[in-house]
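Following: one structure in structure tokens, then a few remarks.
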Amino acid sequence: MLTLRQYGFSLIELMIAIAVLGVLMVFGAPSFSLWLQSAQVRNAAESVINGLQLARAEAVRLNTPVRFNLNSATGLVDWEVCATANSPCPVADIIQQRFNAEGSVNARIGAYSNGDGNVATNYTTIISAGSGMPVHTTFNGLGRVINDGGNVAVRLDVTNSVNANARRLVVNVGFPGGQVRMCDPALTVSNPTDPKAC
């Protein structure tokens, strides 16, 4: 008579596999948490760059001043692109806006304005969340930054409010040229030829 042999896992093998998986998760959880917090910083920095580039492109397209506003005094990543240089922006003139809850609830921004001079290029100094806020950048019809009074953003530090070890990113706005660039201040010392370095 032919007997069928059944294959599978024993209870002991299954328990060992679960124990190994548990140990791996315990050691991997802090790294995963740091990765998530750094991803929120990156998401926030990229959204700010997109907003600044949209404001500049719309200013050139419309041949009129267009303003990028970071409105939160506490450094939340809430921004709007306004078709006028007025503050506050009338609802009818909002081209696009972004709220903090959109993928970066723990990201915070601190700003240096155009009056800060060489302090804006000292990347070893971290701008604390909410410092210099609210802030704006207005582009003219040529895509250049207008010094229209108040706080004109030339450097924005994006940090994480939950984990101080999360990556910090810096968004630079060329004054008065209007070029927008993101860089990683951690790469300044280690590899100054890296295009991602500040």
Side-chain angles (χ1 to χ4, degrees), residues 37-56 58-59 65-91 93-140 144-164 166-186 198:
Q37 299 304 326
S38 294
Q40 285 191 20
V41 168
R42 176 111 185 149
N43 184 22
E46 286 178 349
S47 80
V48 168
I49 287 176
N50 292 337
L52 285 162
Q53 289 174 339
L54 173 66
R56 187 177 189 206
E58 287 296 304
V66 174
R67 189 171 185 163
F68 174 82
N69 295 318
L70 280 163
N71 296 322
S72 173
T74 60
L76 296 174
V77 189
D78 292 330
W79 56 259
E80 64 190 11
V81 175
C82 186
T84 63
N86 299 334
S87 182
C89 183
V91 174
D93 290 338
I94 294 176
I95 296 172
Q96 187 173 344
Q97 62 187 147
R98 182 206 192 262
F99 300 103
N100 185 54
E102 296 176 16
S104 55
V105 294
N106 296 324
R108 298 292 182 269
I109 293 181
Y112 278 138
S113 63
N114 59 332
D116 292 321
N118 61 0
V119 177
T121 59
N122 181 8
Y123 298 108
T124 57
T125 304
I126 299 172
I127 306 172
S128 60
S131 177
M133 302 289 281
V135 70
H136 70 272
T137 302
T138 305
F139 297 94
N140 67 12
R144 294 173 62 86
V145 177
I146 302 171
N147 188 358
D148 59 353
N151 291 334
V152 178
V154 293
R155 175 181 159 193
L156 303 167
D157 272 23
V158 185
T159 57
N160 192 286
S161 63
V162 173
N163 191 336
R167 169 193 267 174
R168 172 175 65 113
L169 293 173
V170 175
V171 176
N172 289 313
V173 181
F175 183 78
Q179 299 83 7
V180 180
R181 178 179 181 266
M182 178 173 58
C183 64
D184 187 347
C198 291

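Values in this document were obtained by computation on a predicted structure and should not be read as measured data. Counting from 1, the numbers follow the sequence of the chain as shown.
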(request) Indicate the atoms forming the closest heavy-atom contact of Gln40 with Ser104, along with that distance. (result) O-CB, 3.5 Å
(message) Tell me whether Arg98 contacts the main-chain N or O of Val77 through its side chain, where contact means a donor paired with an acceptor under 3.5 Å.
(response) yes
(message) Rounded at 0.5 Å granularity, tell me how far CZ in Arg144 sits from CZ in Phe139.
(response) 11.5 Å
(request) To the nearest 0.5 Å, tell me how far Gln53 CD sits from Glu46 CD. (result) 10.5 Å
(request) Would you sort out whether His136 and Val152 count as a side chain to side chain contact (heavy atoms under 4.5 Å, CB included), showing the intermediate values? (result) CA-CA 5 Å; His136 70 272; Val152 178; 4.1 Å; yes
(message) Tell me whether Asp78 contacts the main-chain N or O of Asn100 through its side chain, where contact means a donor paired with an acceptor under 3.5 Å.
(response) yes
(request) Examine distances only and state if a side-chain atom of Asn160 and a backbone atom of Gln37 form a donor-acceptor pair shorter than 3.5 Å. (result) yes
(message) By the salt bridge (Lys or Arg N to Asp or Glu O under 4.0 Å) test, which pairs, at least two apart or in different chains, include something from residues 167-180?
(response) Asp157-Arg168, Arg167-Asp184
(message) For a side chain to side chain contact (heavy atoms under 4.5 Å, CB included) check, start with the C-alpha distance between Leu156 and Leu70, then their side-chain angles and the critical distance, and finish with the verdict.
(response) CA-CA 10 Å; Leu156 303 167; Leu70 280 163; 3.8 Å; yes
(message) As an exercise, state the distance from CG of Leu76 to OG of Ser161, rounded to the nearest 0.5 Å.
(response) 8.5 Å
(message) Testing Asn140, Thr138, Thr137, Val154 one by one against Val145 for a side chain to side chain contact (heavy atoms under 4.5 Å, CB included), which residue passes?
(response) Thr137
(message) With a 3.5 Å distance limit and no angle check, can you tell me whether Asn43 reaches the backbone of Ala39 through a side-chain donor-acceptor pair?
(response) no
(message) Rounded to the nearest 0.5 Å, what separates atom OG in Ser131 from atom CZ in Arg108?
(response) 15.0 Å
